[in-house]
Amino acid sequence: AAGSTLAYSTLIGGSADDVVTSSAPDVSGDLHVTGVTTSADFPTTADAFDTTYNCGGFDGWVGKLDAFGSALDYSTYFGGSGSDISFGIATRVGSAYLVGYTDSTDFPRTPAAFDTSFNGGGADSWVAKLVADTDADTVPDEMNDTVLFVRRAADGQVMELAVSSWLMGLQPTSILI
């Protein structure tokens, strides 16, 4: 019967608080995970985008477990010197898409990003795409907006984001990208 055998169960984290906020399997059965940590010793891999805890209260992180849950294929911190949370992850061949929020003025951005500056308010939302050579784009707003999740839409090609504005009290809104 389905659910009668434990295929794998593992822990991911360091010596402080670590939370998985979202996960997404890929076509190979590997599991991409993202979340938030306050651990300065959170496990990262040698080729990680960022191997150092940024000390802003908490950092986002992203990683990938192999299909058996026995190896951490990649793991990286993701954030700046402020507080950063990664809320959602989706996969597409060769890429992981992440969403979250930051109050870091030095949050990682690519030179050609839609918006390359922190806009103020309590926090800015961000969207990032990680690939083998790792790049990121931010899409913040002027209010304290938070991207709640990202997922593959029914057609399998379009990515869907759910966004809410904490200060404006709006309900989550889907945005297709």
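The model shown is predicted, which means the values in this text are computed figures rather than measured ones. What's counted below: heavy atoms across the whole structure, side chains too, no hydrogens, waters or symmetry copies.
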Take Tyr74 and His32 through the test side chain to side chain contact (heavy atoms under 4.5 Å, CB included) and record every step on the way to the result.
CA-CA 9 Å; Tyr74 75 81; His32 298 256; 3.2 Å; yes
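Residue Ile85 is grouped with residue Val19 when hydrophobic side chains (ILVMFWY) are merged at heavy-atom distances under 4.5 angstrom, including chains of intermediate members.
Remark: Ser86 engages Thr34, Leu98, Trp126 in a side chain to side chain contact (heavy atoms under 4.5 Å, CB included) (not counting sequence neighbours). Here Asp18 pairs with nothing under the salt bridge (charged side-chain N to carboxylate O under 4.0 Å, His left out) rule; sequence neighbours left out.
Note that OG of Ser125 is 11.0 Å distant from CG of Asp115, once rounded to the nearest 0.5 Å. Here the straight-line distance linking atom OG of Ser117 with atom CZ of Arg109 works out to 7.0 Å at 0.5 Å rounding. Of the inter-residue distances, the one linking Tyr77 atom OH with Asp84 atom CG reads 12.5 Å to the nearest 0.5 angstrom. We find the CZ-OG1 distance between Phe58 and Thr38 to be 9.5 Å, quoted to the nearest 0.5 Å.
Shortest non-hydrogen contact noted between Ser70 and Asp66 is N-OD1, 2.8 Å. In terms of heavy-atom proximity, Ser104 sits nearest to Ser81 at OG-N, 3.5 Å. Residues Asp59 and Asn54 come closest through the heavy atom pair OD2-N, 2.8 Å. Considering all non-hydrogen atoms of both residues, Gly79 and Pro108 come closest at O-CD, 3.5 Å. The two residues Leu65 and Leu72 make their nearest non-hydrogen contact at CD2-CD1, 3.9 Å. Considering every non-hydrogen atom in both Ala90 and Ala24, the closest pair reads CA-CB, 4.1 Å.
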For residues 8-16, which side-chain donor-acceptor pairs fall under 3.5 Å, sequence neighbours excluded?
{"from": "Ser15", "atom 1": "OG", "to": "Asp41", "atom 2": "OD1", "distance (Å)": "3.1"}
{"from": "Ser15", "atom 1": "OG", "to": "Asp41", "atom 2": "OD2", "distance (Å)": "3.2"}

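Side-chain contact between Asp30 and Asp73 is present, with heavy atoms from C-beta onward closer than 4.5 Å. Using a 4.5 Å cut-off on side-chain heavy atoms (C-beta onward), Thr91 and Lys64 make no contact. In this structure, Ile89 and Val62 have side chains that are in contact, with non-hydrogen atoms separated by less than 4.5 Å.
In this structure, Ser83 contributes its side chain and Gly56 its backbone to a donor-acceptor pair below 3.5 Å.
Considering Trp61, Tyr53, Phe87, Phe49 in turn, Phe49 is the only one that fulfils the ring-ring contact (aromatic ring centres under 6.0 Å, His included) rule with Phe78.
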